[in-house]
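Have a look at the structure below before the remarks.
Throughout, protein chains are lettered first and strands after them, A, B, ... in sequence-line order, and every chain is numbered starting at 1. Quantities reported herein were computed from a predicted structural model and do not represent experimental measurements.
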Protein chains: 2
Amino acid sequence: MSSVFKALSDPTRRRVLEMLRDGPKSAGELASAFDVSKPTMSAHFAVLRDAGLVASEKDGKSVFYHLQMSVLEDALFGFAQTFGWERREDRSATGRPALKEGNP
Amino acid sequence: MSSVFKALSDPTRRRVLEMLRDGPKSAGELASAFDVSKPTMSAHFAVLRDAGLVASEKDGKSVFYHLQMSVLEDALFGFAQTFGWERREDRSATGRPALKEGNP
DNA sequence: CTCATAAATAGACAATTAGCTAATTATCGA
DNA sequence: TCGATAATTAGCTAATTGTCTATTTATGAG
């Protein structure tokens with residue numbers, strides 16, 4: 001739980017998660033959207049991966065990252081529930097929305 | 001936003017927020033529930049205050065802290081909304097539940 | 001095999017963090 | 001006014017963080 005909130009405390013990492021909302025993206029593709037070096041981005045990816053918020057998959061020379069929505073959901077709403085908030089049940093039972101609307 | 005998540009990334013601070021769920025508590029009262037020094041707790045309170053998650057009020061020799069639910073709510077659900085989640089509208093229109101609602 | 005490309009690792013550095021003890025400030029009661 | 005109590009500030013340390021450049025690893029193309 002701490003590691004998730006820690007990961008979310010950096011604006012670059014939050015933007016990475018937002019970029020992954022609609023489907024996987026490669027490390028380079030993500031990195032090019034930010035004004036920091038690639039090794040720095042690599043470190044950010046590692047923080048997100050260690051927190052369980054993203055998972056990576058190698059494809060050829062590239063590494064693709066994708067969101068782990070359920071982990072994000074559990075942290076956000078798990079904590080919120082402590083304060084009496086509930087989330088609306090408007091998604092699939094897994095809590096994982098389709099990655100990429102065209103994906104099988 | 002970053003400062004809120006940063007504040008939430010520490011388990012001691014999350015527990016402080018939970019202790020404040022049901023109403024204000026003094027700094028000493030809060031501190032005595034943890035196994036760290038009072039100055040350390042004071043620093044945690046400052047982080048929570050700077051993030052806007054709590055507000056303080058002096059009463060005699062004591063300082064009482066209370067939750068700022070709306071700030072917590074805005075951070076948690078504001079970010080969640082980016083990912084398509086919505087919270088159930090089951091609280092007052094202000095989003096601020098009564099403090100001490102269940103207190104005997 | 002060799003070269004170019006994608007990404008991660010290594011190593012360094014300044015800034016921040018969580019923790020401590022000691023000192024300070026503010027308030028109350030006698 | 002004096003002494004006790006509540007809380008914060010000051011000053012320190014060790015660990016962690018975000019950033020960089022340089023290097024290494026892995027893969028695909030020729």
Side-chain angles (χ1 to χ4, degrees), chain A residues 1-20 23-68 71-72 75 79 99, chain B residues 1-20 23-68 71 75 79:
Chain A
M1 182 95 132
S2 291
S3 62
V4 172
F5 283 124
K6 188 65 151 286
L8 294 178
S9 75
D10 184 279
T12 297
R13 290 192 291 260
R14 283 199 306 276
R15 270 188 57 206
V16 167
L17 293 180
E18 287 169 23
M19 287 179 69
L20 293 176
K25 288 195 167 43
S26 73
E29 200 174 349
L30 291 166
S32 65
F34 297 87
D35 196 24
V36 296
S37 72
K38 286 182 178 192
T40 295
M41 288 305 294
S42 211
H44 282 307
F45 299 150
V47 170
L48 290 169
R49 198 181 330 105
D50 290 350
L53 288 167
V54 304
S56 59
E57 211 180 318
K58 193 160 186 177
D59 180 22
K61 275 182 290 189
S62 299
V63 171
F64 285 83
Y65 287 96
H66 61 90
L67 262 181
Q68 300 276 80
V71 175
L72 182 58
F79 185 67
L99 304 169
Chain B
M1 183 94 133
S2 292
S3 62
V4 171
F5 283 124
K6 189 65 151 287
L8 294 179
S9 75
D10 184 279
T12 297
R13 290 193 289 262
R14 284 198 305 276
R15 272 188 55 205
V16 167
L17 294 179
E18 287 169 23
M19 287 180 68
L20 293 176
K25 286 195 169 41
S26 74
E29 201 175 348
L30 291 166
S32 65
F34 297 87
D35 197 25
V36 296
S37 72
K38 287 182 177 189
T40 295
M41 289 305 294
S42 213
H44 281 308
F45 299 150
V47 171
L48 291 169
R49 198 182 328 106
D50 290 351
L53 288 168
V54 304
S56 59
E57 211 181 318
K58 194 161 186 177
D59 180 22
K61 276 181 290 189
S62 297
V63 171
F64 284 82
Y65 286 96
H66 64 266
L67 261 181
Q68 299 276 81
V71 175
F79 184 67

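By the 30° and 60° cut-offs, the orientation of the rings of A:Phe5 relative to B:Phe5 is parallel.
Annotation: the span from B:Leu67 atom CG to B:Met19 atom CE amounts to 11.5 Å, rounded to 0.5 Å.
What you find for B:Ala33 and B:Arg15 is that their closest heavy atoms are O-NH2, 3.4 Å. Residues A:Arg13 and A:His44 approach most closely at NH1-ND1, 3.1 Å, considering heavy atoms. Considering all non-hydrogen atoms of both residues, A:Val71 and A:Ala51 come closest at CG1-O, 3.7 Å. In this structure, B:Leu20 and B:Lys25 approach most closely via the heavy-atom pair CD2-N, 3.7 Å. Across all non-hydrogen atoms, the minimal contact from A:Val54 to A:Phe45 is CG2-O, 4.3 Å.
The CZ-C1' distance, from B:Arg49 to D:dT9, rounds to 12 Å in whole Å. Note: CZ (B:Phe64) to C1' (D:dT8) measures 17 Å, nearest angstrom. Across the protein-nucleic acid pair, B:Phe34 atom CZ and D:dA7 atom P stand 14 Å apart, rounded to whole Å. Here C:dA6 presents its P atom at 14 Å from CZ of A:Phe45, a figure rounded to the nearest Å. Remark: C1' of C:dA6 and NZ of A:Lys25 are 18 Å apart, rounded to the nearest angstrom. A:Leu48 has its CG atom 12 Å from the P atom of C:dA8, to the nearest Å. When the P atom of C:dA6 is taken as reference, atom CD of A:Glu29 falls 12 Å away, rounded to whole Å.
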Base versus backbone protein contacts along nucleotides 25-30 of chain C [heavy-atom cut-off under 4.0 Å; B, S, -]
-SBS--

Taking protein heavy atoms under 4.0 Å as touching, what does nucleotides 15-25 of chain D look like 5' to 3' if B marks base contact, S marks sugar-phosphate-only contact and - marks none?
--SSBBBB---

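Backbone-only contact: B:Tyr65 has heavy atoms under 4.0 Å from sugar-phosphate atoms and none from a base. Within the 4.0 angstrom heavy-atom criterion, only backbone atoms of the sugar-phosphate kind lie near B:Ser62; the bases stay farther away.
Judged purely by atom type and a 3.5 angstrom limit, B:Ser9 uses its side chain to pair as donor or acceptor with the backbone of B:Lys6.
In the displayed structure, B:Glu18 atom CD is contacted under 6.0 Å by more than 12 heavy atoms of other residues, nucleotides or ligands.
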